[in-house]
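Beneath this line is the structure, given in structure tokens, with notes to follow.
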Amino acid sequence: MTLLSDLPQIKGVKNIPLQEGYTSGHRTCQGCESALVMRLMIKAAGPRSIVVGSTGCMYVANTTYYSTPWVVPWMHTQLGSSGSAATGTAAALRSMMRKGKMKDEPINVIAFCGDGGGADMGLSAISAALQHDEYNLLILMYDNESYANTDIQVSGSSPWGANSTFSPPGTKHRIMNNRWKKNTAPMLATGHPNCRYIATACGSYGLDFTNKIRRALTIGGPTFIHSIDPCPKGWDYDPKYSHELGMLAVETGLWVQYEIMDGEVILNGPSRVIAKGIRKRKPVSEYLKRQGRFAHLTDEDIEYFQSKVDESWEKWWLPGVVPFRPQEEE
Amino acid sequence: MTTALAEQFAVAKEELISGSEAIAIACALADVDVITAYPIRPYDTVMQYVSKLKADGILDCEFIVAESEHSQFEIVKHASAVGARTFCGSSGVGWFYAFEAITVTAGLRLPVVAMVGNRALDDPGAFGVEHNDALAVRDLGWMLYWVATAQEALDIALMAWRIAEDSGVFLPFAISCDGSFLTHSQAIVNVPTHDQVQKFLPAYDRGKLQLHPDNPITIAPQVNEDWLMEIRMQTDQAMRGSVGVIKKVHEEFRTTFGRGDPSPFIEEYMMEDAEIVLVGMGTLSLPVRVALRRMREAGKKVGFLRVKYFRPFPADEIRQVLSECKAVGVIDRDYSYGSPSFGGVLFHEMRSTLYPLERRPHVLNFIAGLGGREVLVKDVDHIVDIIQQAVDTGTVDQETTWIGVRE
Ligand SMILES: Cc1ncc(C[n+]2csc(CCOP(=O)(O)OP(=O)(O)O)c2C)c(N)n1
Ligand code: SF4
Ligand SMILES: [Mg+2]
């Protein structure tokens with residue numbers, strides 16, 4: 001295995017590195033949480049990194065010729081190729097370092113993708129990447145819950161009922177997106193038992209986020225992080241509420257923050273507090289009613305939504321994580 | 001360490017091997033860094049040999065069995081951007097499954113070398129040779145070569161990395177091998193020494209385009225209408241420039257290894273004073289040669305021109321050798337539905353190549369051997385008869401004829 005970076009856990013938000021790897025030059029929407037995710041990700045990883053990014057907002061809105069925001073080496077990859085891009089990059093480094101064609105040193109390999117490029121189109125390539133224990137790499141899936149760059153279309157990670165340009169509420173069909181959001185991180189964790197680190201994250205919790213990136217880059221082998229990224233354009237809210245919406249997603253229990261490290265599930269932050277029963281989940285209506293994409297939902301729809309979230313906390317084998325349970329004995 | 005490699009190929013030897021095995025050996029000799037595989041007949045035999053060479057410690061590479069052809073080609077594309085020498089390949093629908101990755105590999109000017117084991121595009125179930133799979137990259141910036149023998153497969157593979165990785169070229173290179181006839185049939189092949197190959201093939205140096213923290217560039221930013229035409233033109237210049245590089249490398253290859261045709265682009269067979277010339281690619285040349293020998297014995301002035309490089313297409317060379325003949329019969333192992341004259345792909349390239357000639361020969365097209373159907377000596381006789389009629393009457397009644405089709 002190639003050498004791993006020495007990236008200690010950051011103690012306290014004030015110790016997050018000041019050095020930027022993602023700077024001015026991008027053209028993301030005001031309040032774009034995914035842009036913050038990029039910035040935090042590369043702050044945590046540092047300059048000895050190679051970043052590959054699949055098609056989506058974080059390519060198109062970021063990387064205009066002559067005004068790249070990336071200070072680190074960066075390369076585009078195709079929409080469904082984040083897994084292959086990471087694998088190819090890591091394989092090249094490993095081979096060339098082993099054969100003495102390149103200096104043997106730790107270089108972080110990070111591939112990012114959106115929910116559409118990752119959990120839909122790129123799922124098989126990500127799965128394949130997570131099987132290669134010999135490559136150190138991180139796949140970061142920034143989830144803005146739609147195909148945002150192409151003008152906000154519903155994806156397999158969009159929430160039930162959400163309005164999008166492919167799922168507009170109409171007079172006959174109020175709900176055009178009848179799919180429940182994919183449970184991507186646990187799917188990947190269950191399916192790849194050798195993968196040492198899979199986590200969920202949210203840019204609203206900056207310290208937690210940067211430390212997760214560092215854990216993923218230092219544990220060894222392929223790793224995966226799924227972050228939930230409020231998107232003012234797609235979710236339809238005032239950009240100043242991005243952070244708050246990220247926190248609400250967690251506090252309502254809709255989004256659960258955890259790490260699956262060497263087979264152990266560790267709940268983080270508010271999710272941990274909720275699981276311990278110290279704090280109650282906020283009603284999901286507090287989250288849904290803040291976003292235009294849910295404006296057409298009726299009270300009944302919201303009740304259904306709430307019941308599904310309740311179910312995930314009350315009936316799942318591992319609350320919020322594992323959606324099945326052992327058969328009950330007679 | 002490459003000691004096992006050096007030991008294995010310390011002395012030059014003759015081996016009875018298939019085209020696929022020949023290319024696998026070339027991978028070892030070229031010390032390829034990253035190789036990706038996915039099973040599909042008939043190309044995948046090359047990967048069986050590659051995996052064994054790796055298992056035996058002769059070839060030191062990352063050998064990745066991808067979960068699809070798309071990933072297979074994406075992985076090598078990215079490895080190539082980091083500076084690794086790469087190899088992959090596919091056949092038929094597998095090649096098409098990878099098409100997105102294949103297009104951008106050329107767009108990014110990454111010198112990936114791939115083998116295409118030519119195969120029909122499946123439905124209704126057909127896995128035999130047909131050239132439409134590889135030909136689909138003809139407009140994308142890939143160099144494209146058709147092999148006729150196992151020896152040629154090994155030789156062109158070694159040249160492929162050299163040409164593709166030339167910093168003035170930096171274009172991907174596809175080696176097309178007829179399914180079964182070349183991928184699986186064995187012939188005696190001269191295998192060079194590791195030493196010889198090392199002298200001929202320098203290490204791949206991506207230079208200022210290498211993706212590495214010491215060289216923090218951004219690759220493939222959005223250029224849109226602002227810059228795309230300039231960039232497309234650079235790719236065009238690279239393809240045009242490859243012609244000179246191919247010539248130079250071919251000459252060096254001939255001096256280093258002591259073999260090879262006079263021209264890197266075409267092979268001439270019994271072309272002297274030929275009035276009728278057949279044109280084709282790949283292993284088709286075998287039955288054609290046999291038929292032509294007999295015809296020559298009977299005093300007929302026929303010759304054969306094998307097109308080796310389909311991209312860059314050797315228009316100058318072809319014009320030169322065909323400027324005096326009376327008629328050209330292009331045999332296509334492919335087809336282009338709805339195209340002008342309802343003909344094959346090579347036919348169209350040939351006709352457009354010959355159009356500027358002052359004395360244009362008749363150009364006829366023959367569709368043969370699709371899906372791996374054998375092209376027999378009597379088929380070649382039939383083809384020449386049709387061409388002879390055009391020569392005698394001075395008119396072409398039917399431009400395209402399908403050969404050996406049931407009534
Ligand atoms: C193969 C392919 N199909 C479709 C597209 C068009 N496309 C470009 S960006 C994009 C959206 C991707 O969505 P996601 O991965 O969620 O990223 P986001 O735009 O939301 O950041 C799509 C569909 C493409 N670039 N490539
Ligand atoms: S559409 Fe959403 S993800 Fe895309 S740039 Fe705007 S806020 Fe960011
Ligand atoms: Mg998205």
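Order of the sequence lines sets the chain letters (A, B, ...), proteins ahead of strands, with each chain counted from 1.
- If you take CD on B:E67 and OG1 on A:T87, they are separated by 8.5 Å, rounding to the nearest 0.5 Å.
- The shortest heavy-atom contact between B:E100 and A:L79 is OE2-N, 4.2 Å.
- Taking OG1 of A:T68 as the start and CD1 of B:I219 as the end, the distance is 11.0 Å to the nearest 0.5 Å.
- Note on B:D33, B:N215, B:V34, B:V82: by heavy-atom pairs under 4.5 Å with chain A, the leading option is B:D33.
- Between the CH2 atom in A:W74 and the CD1 atom in B:I217 there is a gap of 12.0 Å [rounded to 0.5 Å].
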Using side chain to side chain contact (heavy atoms under 4.5 Å, CB included), reason through B:H212 and A:M102 one step at a time and then give a plain yes or no. CA-CA 10 Å; B:H212 188 280; A:M102 187 187 272; 3.9 Å; yes
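- Note on A:A128, A:S124, A:A129: by heavy-atom pairs under 4.5 Å with chain B, the leading option is A:S124.
- The CD1 atom of B:I75 sits 10.0 Å away from the OG1 atom of A:T77 when rounded to the nearest 0.5 Å.
- With chain B as the partner, the residue from A:Q78, A:M96, A:Q131 showing the most heavy-atom pairs under 4.5 Å is A:Q78.
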Could you check A:S95 against B:E62 for side-chain hydrogen bond (donor to acceptor under 3.5 Å, both in side chains), going step by step and ending with a plain yes or no? CA-CA 6 Å; A:S95 175; B:E62 298 301 302; 4.8 Å; no
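- Contact annotation for A:T64: both backbone and side-chain heavy atoms come within less than 4.5 Å of a heavy atom of chain B.
- Chain A forms more heavy-atom pairs under 4.5 Å with one residue of B:A203, B:G83, B:S80 than with any other, namely B:G83.
- By number of non-hydrogen pairs under 4.5 angstrom with chain A, the leading residue of B:P213, B:S68, B:A101 is B:P213.
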Could you walk me through whether B:L108 and A:M75 pass the side chain to side chain contact (heavy atoms under 4.5 Å, CB included) test, one step at a time? CA-CA 10 Å; B:L108 292 169; A:M75 180 171 172; 3.8 Å; yes
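- Looking only at heavy-atom pairs under 4.5 Å with chain A, the residue among B:A79, B:A66, B:A81 that has the most is B:A79.
- Rounding to the nearest 0.5 Å gives a distance of 5.0 Å between OH of A:Y65 and CD1 of B:I231.
- When each of B:K77, B:E74, B:H70 is checked for heavy-atom pairs under 4.5 Å with chain A, B:E74 comes out on top.
- The part of A:V72 that comes within reach of chain B is its backbone (N, CA, C, O), which places non-hydrogen atoms under 4.5 angstrom from that chain.
- For the pair B:D214 and A:K103, the salt-bridge criterion is not met [side-chain N within less than 4.0 Å of a carboxylate O].
- Using a 4.5 Å cut-off between heavy atoms, A:V52 touches chain B through its side chain atoms alone.
- Salt bridge annotation for A:K99-B:D60: absent, with no cationic side-chain nitrogen under 4.0 angstrom from a carboxylate oxygen.
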